[in-house]
Participant: 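Take a look at this one; I'll ask things after.
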Protein chains: 2
Amino acid sequence: MNQKKSDISRTQILDAAAKLFRKHGYATTTLRLIANEANLKAGSIYYYFGSKEEILGEVLDIGIQRIIQAIQDGINQLPANATALDKIRVAIREHLHTLLKYGDYTSANIRIYKQIPSNVRQKHRALRRTYAEEWDQLLNDAQAQGEIRKEVDITLLRLFLLGAMNSAAEWYNPRRGKLEPLFEAVTEFFFDGIKSIPDKRQARDQLD
Amino acid sequence: MNQKKSDISRTQILDAAAKLFRKHGYATTTLRLIANEANLKAGSIYYYFGSKEEILGEVLDIGIQRIIQAIQDGINQLPANATALDKIRVAIREHLHTLLKYGDYTSANIRIYKQIPSNVRQKHRALRRTYAEEWDQLLNDAQAQGEIRKEVDITLLRLFLLGAMNSAAEWYNPRRGKLEPLFEAVTEFFFDGIKSIPDKRQARDQLD
DNA sequence: TTATTTTTCTAACTATTATTAGGTAGAATC
DNA sequence: GATTCTACCTAATAATAGTTAGAAAAATAA
């Protein structure tokens with residue numbers, strides 16, 4: 001009844017696949033490479049998965065689910081009087097952390113999503129949508145509270161904010177720098193902007 | 001002496017490759033698909049290119065060069081009294097435009113860069129570096145002029161700004177929306193931020 | 001121990017790939 | 001008109017991919 005050995009191998013295959021998908025993309029990652037990384041032979045993979053696409057699907061789902069979980073946990077730890085912007089700060093931090101530190105699944109997801117078979121992408125789309133909606137919720141709340149200017153297009157904000165963060169998966173090198181400055185830079189840029197002096201439009205907004 | 005026919009076919013191959021690389025990635029784009037899109041047979045491609053990698057290399061280079069050219073042209077058309085931020089605005093606009101409108105080469109470059117054979121990426125890296133340096137120049141100028149707050153880390157700003165813009169290649173649908181709102185959103189977010197009221201830190205900066 | 005089930009391996013099969021060798025039709029040149 | 005060059009094509013090659021079938025080994029149960 002106890003099938004521990006089996007679970008271990010299955011996890012090793014997924015871990016190996018996530019790592020290699022992230023690094024080399026889906027198409028160029030062969031089952032023989034995955035098997036090798038997981039200390040198996042290629043044929044043995046089919047004891048656990050029906051196809052290469054099935055592995056891909058599971059890696060993708062795990063990638064998003066981990067990040068959703070991390071943000072959920074982070075927000076739950078916030079004090080009761082936390083503002084909407086506080087929650088967004090937590091979400092930014094957890095997103096970056098999950099993406100860049102414990103990142104094979106999440107990073108693989110971000111990196112290869114657009115270059116996978118369309119039937120797999122199709123299936124995975126719902127989960128992505130869910131994640132996007134959680135962000136929209138956070139951002140809309142902040143706007144409703146008056147913490148985000150009311151002219152801001154929330155959808156575009158989400159797309160550019162996530163786009164900026166996800167791009168770090170392309171250039172961030174864990175050995176060359178800590179993650180905290182990235183978090184501070186993102187919040188600084190998006191919350192306050194980079195300009196020295198508020199221009200007329202912003203000044204006007206403040207008079208409302 | 002006039003080899004117009006040849007040039008046309010060569011260009012068609014490159015156009016087809018850029019289009020397919022952008023859409024399906026490098027590995028999954030076969031020479032037969034490229035040939036078909038360019039109205040040739042696969043073997044004929046070798047009359048023009050020595051290998052698939054050679055096509056890739058040329059597509060990548062063209063992608064960056066077009067964007068560099070567009071920005072250069074845009075800045076040159078600016079009046080003499082344009083500010084450093086004005087130039088950055090132009091650079092943002094041209095970057096988005098080249099990426100999203102005339103985008104097969106540029107978009108292919110952005111999308112597949114991380115999943116190509118490392119020797120090709122190695123060769124192409126210098127051009128990318130050049131482009132990054134042009135941005136750093138623009139941003140540093142603005143900071144030296146006092147138009148960007150002096151605490152801003154210019155390298156991180158470049159990485160996140162380009163990351164945000166490039167992400168649009170993943171989600172922008174030309175049929176569903178105009179490009180101008182994107183441009184406005186990017187400048188709004190990065191220049192002024194999204195917050196309704198400047199927080200203490202920003203207020204402090206303004207007192208310096 | 002023996003029997004059964006779970007897990008892994010070996011060795012092949014089929015399809016597809018980039019690449020190459022050699023041919024061909026027409027245009028250009030002599 | 002004969003020759004050479006240009007721009008392709010056809011057909012084959014060798015390598016590699018995902019996948020499968022069946023045997024071997026390891027673990028578990030009897």
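Just so we're on the same page: letters track the sequence lines, and every chain starts at 1. Keep in mind the model is a prediction, meaning the values are calculated, not measured.
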Participant: Once side-chain contact (heavy atoms from CB on, under 4.5 Å) is applied, do any residues pair with B:Gln72, and if so which ones, sequence neighbours excluded?
Facilitator: B:Asn76

Participant: Starting the side chain at C-beta, find the nucleotide from D:dC8, C:dT8, C:dC9 nearest to A:Lys41.
Facilitator: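 From the listed options, C:dC9 comes nearest.
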
Participant: Calculate the interatomic distance between B:Leu40 atom CG and C:dT24 atom P; express it in whole Å.
Facilitator: 20 Å

Participant: Whole angstrom is fine here: how far is it from CZ in B:Phe49 over to P in C:dT19?
Facilitator: 13 Å

Participant: List for me each residue that meets side-chain hydrogen bond (donor to acceptor under 3.5 Å, both in side chains) alongside B:His124, sequence neighbours excluded, and say none if there are none.
Facilitator: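 Counting only residues at least two positions away or on another chain, B:His124 forms a side-chain hydrogen bond (donor to acceptor under 3.5 Å, both in side chains) with B:Asp61, B:Asn109.
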
Participant: Thinking salt bridges, do B:Glu151 and B:Arg149 make one under a 4.0 Å N-O criterion?
Facilitator: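 Looking at B:Glu151 and B:Arg149, the cut-off is met.
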
Participant: Determine: side-chain N/O of A:Tyr47 to OP1/OP2 of C:dT7, distance under 4.0 Å, yes or no.
Facilitator: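 Answer yes for this pair, as a side-chain N or O of A:Tyr47 is under 4.0 Å from OP1 or OP2.
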
Participant: Under the side-chain hydrogen bond (donor to acceptor under 3.5 Å, both in side chains) definition, can you give me all pairs with a residue in residues 28-44 of chain B, not counting sequence neighbours?
Facilitator: B:Lys19-B:Glu37

Participant: In whole angstrom, what separates B:Ile45's CD1 from D:dT6's P?
Facilitator: 20 Å

Participant: How does protein reach along nucleotides 16-23 of chain D, written 5' to 3' as B (base within reach of a heavy atom under 4.0 Å), S (only sugar-phosphate), or - (no contact)?
Facilitator: -SBBB---

Participant: Find the distance B:Arg10:CZ to D:dC8:C1' and express it as a whole number of Å.
Facilitator: 16 Å

Participant: ring-ring contact (aromatic ring centres under 6.0 Å, His included) with A:His97: which residues, sequence neighbours excluded?
Facilitator: A:Tyr102

Participant: Under the salt bridge (Lys or Arg N to Asp or Glu O under 4.0 Å) rule, what pairs show up with a residue in residues 123-133 of chain B, not counting sequence neighbours?
Facilitator: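 Listed by first then second residue: B:Arg129-B:Glu133.
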
